[in-house]
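Computed from heavy atoms alone, side chains included, the values below leave out hydrogens, waters and symmetry copies. Everything quoted here is computed from the prediction, not taken from an experiment.
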Amino acid sequence: MKTNLSSQIKLDQIPKRYYAPEGEIELAELTREEKVYTRIFETAVDGSDYIAHKIVDTIKRNVDIKGKCVLALGAGTSTHSVYARLIEFCRLGEVSFQNVIVYNISEFFPIQPEGPSTLQRLKEVLLDHVDILPQNVRSINPAVTKEDMYEYCRDYERSIANAGGIDLTVCEVGRTGSLAFNEPGSMASSLCRLVLLTHESRQKIASDYKCETVPTTAITLGIRNIMDSRRVISMAWGDTNASTIFNVIENPVTTAVPASFLQQHSHARIVVDLPAADELTRISHPWKVTSCEWNDKLIRRAIVWLCQMTGKVILKLTDKDYNDWGLGELLALYGSAYNVNIKVFNELQHTITGWPGGKPGADDTYRPERSTPYPKRVIIFSPHPDDDVISMGATFQRLVDQKHDVHVAYETSGNIAVGDEDMMRYFLMMDKIAPMFGFDTDSYKKLSEDVSGFVASKKSGDMDTSEIREIKTMIRQAEATIADHYIGIPTDHIHFLRLPFYETGAIKKGDLTERDVNIVKELLEKVKPQQIFVAGDLADPHGTHRVCTDAVLAAIDELKDEVWMKDCRVWMYRGAWAEWEIDHIEMAVPISPEQLRLKRNSILKHQSQMENAPFLGDDDRLFWQRAEERNRATAQLYHNLGLASYEAMEAFVEYKPLHDND
């Protein structure tokens, strides 16, 4: 069973010479916008193997020269695949850690008995599995007090100096551009010190360490300490890091992005996979730095960029515009600006359809969906009980209005996102009406008292009781059902899957298992859909969207050889956290002002997710607000390119199941 297929979604086929050129001259040409030495690998596995070999080489070289090697190691999740490779090398006898001294680059403060610890994590992922001497593992003493903090940090630095200085620092680039726990605002001169962790860092820590309580402070080596290392290797994997990596590597050095100080280190290198490198010039805009291997998507991206640079619509671009902005290659390939313009204009025009399930009886040669069969059996998979209407509420409505047989499947209960105030509103009402309808029994009164008492004494981090989790699940199911009825979905077409991985009662979730995938498979085999919609927005704060998407893709992978599955198309939607880039959009469904109002109404049916929704992420707009603004922005982009002007648009990308030879 393949449970990580979301990581293999490839929207672009990047020519290898862009990210792994064979010659130094071509490398210099491609990287002229990059201000720190950067290696890009197709996968995190390849990148981790490269870093592990570099660490082995560093250890061997320094042990041969001076009898020891001093490493400063971070414990971020991006490093774990590197450490796994080092463990393999050690077991194979290719490297020994007996002459290695390891300094923990940072540690939480204070360390709680059940709280996270970077040293403990380092032991779990590396140190307990290699032949390092216990006395050579050096970390921050969790017993240090704030009063002694300054002198203790100086002692930690003196210990490093007495060991001969750091030969190699290995750590990840944080999501905010942090380096170790040097958060945005850290100065180049910063030394080992106590720091305040940002809200975003604490969210990621809670997810990475699967813990409820995260310290607000930590002790970290400073930027200057890291820059004093003889060599530094930092890394990042995945598309959620793409914008940060661009800022670190190509934008000027700034305290707002501490990892950007690596640009000033003569022996620093950053290692990333292709998704993390997505916004680097040689990947996103290769025509700026080299001759291109042009395909339809790259041409579309280039022309959209050219329109933005010139302020023109597609059909008004001229030969001079192409030449002035470095796109003369396209003129050579297509003969004139007009030929390129009309090609891209038509491609974008053909993505627009008011018939997301296919228009019956129409010529579908240039339409994104097939006209037959009609009506189609459709399943919309929604990670939480409101992602369907937030991300594709207008398309959902169109599918129903156009008489398709639409099912909606809510993959998780979403109960942890219901605030106690929202739950107590229902109890206040039930307490009043219980005598009127005769359910003011002793058992109900006890339940009401127990719930009220628990909420009154509840502390931050306390897990809800099983009864409260069930009540909150009922609230979300009722809201989803009301929203679906508003759209026109009958009750028997609403499926609450309650995938087991989610039902921990805490923010931290379990791992995806065969139980989860089998639940999805059973629904697919029952409905035998001809069209599936699945969340392609993998950037939610706690990773639930990605796990839910992996569950659906794993089920599709196991069923892909079924006759009915071969006749099924899978569309990925976004909207809650981000939107598809226009060069990837394959279906754009226009939304009228009235349809946008109906979409808003369906979102507002989820009352518990309005002002009190606890997981809005970095975007403090309410879900209906961000959905409308992103839908309007997509429509505005089409309009700015010279296409029809709509109030808003929802966008989709087709997912093609991988086959064994892919």
S.K.: Thr281 and Glu33: side-chain donor and acceptor closer than 3.5 Å?
M.R.: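 No pair is found: no donor N or O on one side chain lies under 3.5 Å from an acceptor on the other.
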S.K.: Indicate the ring-plane relationship of Tyr374 and His404, choosing parallel, tilted or perpendicular according to the 30° and 60° boundaries.
M.R.: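 Correct class here is perpendicular.
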S.K.: Report yes if the side chains of Thr351 and Phe652 come closer than 4.5 Å at any heavy-atom pair, otherwise no.
M.R.: no
S.K.: Among pairs that include at least one residue of residues 318-338, which meet ring-ring contact (aromatic ring centres under 6.0 Å, His included), considering only residues two or more places apart or in two chains?
M.R.: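 Counting only pairs at least two positions apart or across chains, the ring-ring contact (aromatic ring centres under 6.0 Å, His included) contacts touching residues 318-338 are Trp305-Trp325.
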S.K.: Under a 3.5 Å threshold, yes or no: a donor from one side chain and an acceptor from the other, between Glu329 and Trp294?
M.R.: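 Judged by distance alone, the side chains do pair up.
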S.K.: Classify the side-chain pair His493/Asp405 by whether it contains a donor and acceptor separated by less than 3.5 Å.
M.R.: yes
S.K.: What pairs with Glu411 under salt bridge (charged side-chain N to carboxylate O under 4.0 Å, His left out), at least two apart in sequence or on another chain?
M.R.: none
S.K.: Using a 4.5 Å cut-off on heavy atoms from C-beta on, say whether the side chain of Val589 contacts that of Arg398.
M.R.: yes
S.K.: So, Glu479 and Ser608: side-chain donor and acceptor under 3.5 Å apart, yes or no?
M.R.: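 Glu479 vs Ser608: donor-acceptor pair found between side chains.
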S.K.: Just do the side-chain hydrogen bond (donor to acceptor under 3.5 Å, both in side chains) check on Ser201 and Arg175 with the steps written out, would you?
M.R.: CA-CA 8 Å; Ser201 292; Arg175 193 74 56 82; over 6 Å; no
S.K.: I'd like to know whether Arg377 forms a side chain to side chain contact (heavy atoms under 4.5 Å, CB included) with His407, so could you lay out the CA-CA distance, the side-chain angles of the two residues, the decisive distance to 0.1 Å, and finally the verdict.
M.R.: CA-CA 8 Å; Arg377 293 186 300 275; His407 294 249; 5.7 Å; no
S.K.: Between the side chains of Asn341 and Lys316, does any donor sit under 3.5 Å from an acceptor?
M.R.: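 Not at all, the side chains of Asn341 and Lys316 share no donor-acceptor pair under 3.5 Å.
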S.K.: What pair of heavy atoms forms the shortest contact from Asp386 to Phe623, and how long is it?
M.R.: OD2-CD1, 4.5 Å
S.K.: Please evaluate residues Leu497 and Phe381 with respect to the criterion side chain to side chain contact (heavy atoms under 4.5 Å, CB included), reporting the C-alpha separation (whole Å), side-chain torsions for both, the decisive distance (0.1 Å), and the verdict.
M.R.: CA-CA 10 Å; Leu497 304 185; Phe381 284 98; 4.2 Å; yes
S.K.: Report yes or no: do Glu586 and Trp580 form a side-chain donor-acceptor pair below 3.5 Å?
M.R.: no
S.K.: Less than 3.5 Å apart, any donor N or O on the side chain of Asn631 or Thr634 sitting next to an acceptor on the other?
M.R.: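 The answer is no; no qualifying pair exists.
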S.K.: Do Tyr410 and Asp388 pair up side chain to side chain, a donor and an acceptor below 3.5 Å, judged on atom types alone?
M.R.: yes
S.K.: If the condition is salt bridge (charged side-chain N to carboxylate O under 4.0 Å, His left out), which residues does Lys376 pass it with, not counting sequence neighbours?
M.R.: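 With neighbours one apart ignored, the set is empty.
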S.K.: Go through the side-chain N and O atoms of Thr43 and Asp46 and say whether any donor and acceptor fall under 3.5 Å apart.
M.R.: yes
S.K.: Determine whether the side chains of Gln595 and Gln397 contain a donor N or O and an acceptor N or O closer than 3.5 Å.
M.R.: no
S.K.: Quick one: does Tyr18's side chain get under 4.5 Å of Thr290's, heavy atoms only?
M.R.: yes
S.K.: Show your working on side chain to side chain contact (heavy atoms under 4.5 Å, CB included) between Leu622 and Ile603 and close with a plain yes or no.
M.R.: CA-CA 10 Å; Leu622 299 179; Ile603 296 173; over 6 Å; no
S.K.: Please evaluate residues Lys599 and Glu650 with respect to the criterion salt bridge (Lys or Arg N to Asp or Glu O under 4.0 Å), reporting the C-alpha separation (whole Å), side-chain torsions for both, the decisive distance (0.1 Å), and the verdict.
M.R.: CA-CA 11 Å; Lys599 174 176 178 172; Glu650 291 173 342; 2.7 Å; yes
S.K.: Checking salt bridge (Lys or Arg N to Asp or Glu O under 4.0 Å) for the pair Lys656/Glu654: CA distance, chi angles, key distance, verdict?
M.R.: CA-CA 6 Å; Lys656 295 180 174 62; Glu654 186 178 1; 3.5 Å; yes
